[in-house]
Amino acid sequence: MKKILVGVGLVFFVLGIVGVVHPDFTYHKNEEVAHVGPMRATVNEEKVAHVPTAASVILLLAGLGLTVMGAKRRS
């Protein structure tokens, strides 16, 4: 149980740091706009997702807390 808490804490901590350092990321989405018989028309659309700063800070603090709890916990 101790290793699981530390592992999850470290993952949350790293995700929190990534969210604070790089809050916006882009991804591509293929969307079908027309379908007539055997022919299809698709559009490759670039979208931007924003990770809220509050969520990143919460992940960072939760990760730090879980890591400390896991390290201090007795087996």
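Because the structure is predicted, anything quoted here is derived from the model rather than measured. Position 1 is the first residue of the sequence; numbering continues from there.
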Partner set under side chain to side chain contact (heavy atoms under 4.5 Å, CB included) for Val33, not counting sequence neighbours
Ala41, Val43
Could you check Leu60 against Leu64 for side chain to side chain contact (heavy atoms under 4.5 Å, CB included), going step by step and ending with a plain yes or no?
CA-CA 6 Å; Leu60 224 149; Leu64 186 63; 5.7 Å; no
Atom of Gly9, atom of Thr67 and distance for their closest heavy-atom approach
C-OG1, 3.3 Å
Given the rule that I, L, V, M, F, W and Y join up when any side-chain heavy atoms are under 4.5 Å apart, are [X] and [Y] in one cluster?
| X | Y | value |
| --- | --- | --- |
| Ile58 | Val51 | no |
| Leu59 | Val8 | yes |
| Ile4 | Val11 | yes |

Residues pairing under side-chain hydrogen bond (donor to acceptor under 3.5 Å, both in side chains) where one sits in residues 28-40, two or more places apart or in two chains, turn out to be Glu32-His35, His35-Arg40
Other ILVMFWY residues reachable from Val57 by side-chain steps of under 4.5 Å
Leu61
Determine all donor-acceptor pairs shorter than 3.5 Å in which one atom belongs to a side chain in residues 12-26; sequence neighbours excluded.
| unit_1 | atom_1 | unit_2 | atom_2 | d |
| --- | --- | --- | --- | --- |
| His22 | NE2 | Asp24 | O | 2.9 |
| Asp24 | OD1 | His50 | ND1 | 2.5 |

